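Worksheet for the structure shown next.
Fair warning: this is a prediction, and the values are worked out from it, not measured in the lab. Numbers here are sequence positions counted from 1.
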Amino acid sequence: MDGVKRIALLGATGSIGRQAIEVIDAHPELELVAAASGSQPIEGLAPLTQSGGDLTELLQRAEPDLVLNAVVGFAGLAPTMWALEHGVTLALANKESLVAAGELALAARERGGGQLIPVDSEHSALFQCAQLGEPESVVLTASGGPFRGRTRAELADVTREQALAHPTWSMGPKITIDSATLANKGLEIVEAHFLFDLAYDSIEVVIHPPSIVHGVVRFRDGASIAHLGYPDMRVPISYALTYPERAATPVPPLELRTLEFHAPDTETFRMLALAREAGERGGTYPCAYNAANEVAVQAFLERRIGFLDIAALVEDVLGRGDWQPAHDLDELVEADRRARDLVAVAT
Ligand SMILES: NC(=O)c1ccc[n+]([C@@H]2O[C@H](COP(=O)([O-])OP(=O)(O)OC[C@H]3O[C@@H](n4cnc5c(N)ncnc54)[C@H](OP(=O)(O)O)[C@@H]3O)[C@@H](O)[C@H]2O)c1
């Protein structure tokens, strides 16, 4: 590298993608060499661009130093695997690929020998705290979403618009619904399991409405290190793109205030408990959880099902199959498809 980091940005038109472009534009040592979207036109954004199609072909041509995978959903699997397999640094926002592919992704990283830097704010926080020692256990914080404190009965009739009104983060529609059901925190439990090689009972979730503390790592000597900051994705994006430097961002320094924490209500927000169960069962249970959730969230966004149906459908899918481990990507893709089909017929 001649001091310039060549970046391929996948999901360039999304919430993370747009903020990543802002970060890249502010740093001359970061060069956007390739950009991709799902379907929106992006010609001219980078020397190489692509809308839809095989993302690994674009990466092959671009020869980046770093891939920022900000695609939403299982569609991000192929570029995640490509970067890990080729030893190219992967800045990962697309948590769904790591949740679904877990062991296969880690095996690819082992073979490729490259770096995997989380962009998810909580995991970026934990990654930064973990520079100080081996984590014994971690705490993931959750804002609780727009329906924090509600009962199940009060959630039966909530609308798409109410679910999309997140109190602290402005994000794409899929992750915003995931934040309302707490599936997002569920996916993050599995993500933390694979990123930090932690048993599920060493990964705690607490509700922290202001989203100021992003993560806490507990060490064996009784010390805990927390990462604090305003909820602004430009911070973890900048950290991942400029790692191991810590580049400046326009985000103001934090003013301390009273911070509150509560236990999550896993009876009302079933998606959190279901993710933990799926993670503990292993195999392709996390893949099935993710796939069923993606299809159910889409159906909710299209007003074909109610809010509580999302968890009911996912629970049904997890109970229906024997979600055996996938030995290769073909078997993983097949498990994903099977779970999607099960939800599709029910919606
Ligand atoms: N937003 C956040 O603050 C945040 C925080 C933490 C983690 N994340 C994670 O980051 C990822 C992206 O989230 P987001 O909120 O930025 O989503 P988003 O705003 O919905 O953007 C999704 C991006 O993915 C592209 N895309 C969709 N399907 C694709 C496909 N089949 N092939 C290629 N590109 C495709 C979209 O392109 P088109 O515009 O052409 O459809 C768009 O650029 C998710 O995994 C999410 O969980 C997001």
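- For D232, the side chain to side chain donor-acceptor pair (under 3.5 Å) criterion is met by R234, not counting sequence neighbours.
- In this structure a side-chain-to-backbone donor-acceptor pair under 3.5 Å is present from Q162 to T159.
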>> Test side chain to side chain donor-acceptor pair (under 3.5 Å) on Q128 and R246; report intermediate values, then the result.
In response: CA-CA 11 Å; Q128 293 175 49; R246 189 184 284 277; 3.0 Å; yes
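- Side-chain polar atoms of T242 and H27 form no donor-acceptor pair below 3.5 angstrom.
- Side-chain contact, Q298 with E302: a donor N or O sits under 3.5 Å from an acceptor N or O.
- Between T56 and Q60, the side chains place no donor N or O within less than 3.5 Å of an acceptor N or O (distance only, hydrogens not considered).
- For F219, there are no ring-ring contact (aromatic ring centres under 6.0 Å, His included) partners two or more places apart in sequence or in a different chain.
- Qualifying side chain to side chain donor-acceptor pair (under 3.5 Å) partners for T80, counting only residues two or more places apart in sequence or in other chains: N69, S97.
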Please table the atom pairs, donor to acceptor, closer than 3.5 Å between any side-chain atom in residues 100-110 and protein atoms at least two apart or in another chain.
none

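- W323 and Y285 have perpendicular rings, their planes meeting at more than 60° on a 0 to 90° scale where under 30° would count as parallel.
- With sequence neighbours excluded, no residue forms a ring-ring contact (aromatic ring centres under 6.0 Å, His included) with F196.
- Salt bridge annotation for K185-E122: present, with a cationic side-chain nitrogen under 4.0 angstrom from a carboxylate oxygen.
- Listed by first and then second residue, the ring-ring contact (aromatic ring centres under 6.0 Å, His included) pairs that reach into residues 88-140 are F127-Y243, sequence neighbours excluded.
- Partners of T266 under the side chain to side chain donor-acceptor pair (under 3.5 Å) rule, at least two apart in sequence or in another chain, do not exist in this structure.
- For Q324, the side chain to side chain donor-acceptor pair (under 3.5 Å) test picks out D322, with sequence neighbours left out.
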>> One pair to check against ring pair (Phe, Tyr, Trp, His ring centres under 6.0 Å): F269 and F147. What are the steps and the verdict?
In response: CA-CA 9 Å; F269 297 95; F147 304 137; 7.7 Å; no
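- Here side chain to side chain donor-acceptor pair (under 3.5 Å) pairs that include residues 35-48, with residues two or more places apart or in two chains, are S37-S51.
- The two residues L274 and V314 come nearest to each other via the heavy atoms CD1-CG1, 4.4 Å.
- Side-chain contact, N184 with K95: a donor N or O sits under 3.5 Å from an acceptor N or O.
- H86 meets the ring-ring contact (aromatic ring centres under 6.0 Å, His included) test with W82; sequence neighbours excluded.
- Listed for the Y289 side chain is a donor-acceptor partner under 3.5 Å among the backbone atoms of M271.
- Contacts of F261 classified as ring-ring contact (aromatic ring centres under 6.0 Å, His included), with partners at least two apart in sequence or in another chain: H208.
- When the salt bridge (Lys or Arg N to Asp or Glu O under 4.0 Å) test is applied to R218, the partners found at least two apart in sequence or on another chain are E204.
- Counting only N and O atoms by type, the side chains of S211 and T168 include a donor and acceptor under 3.5 Å apart.
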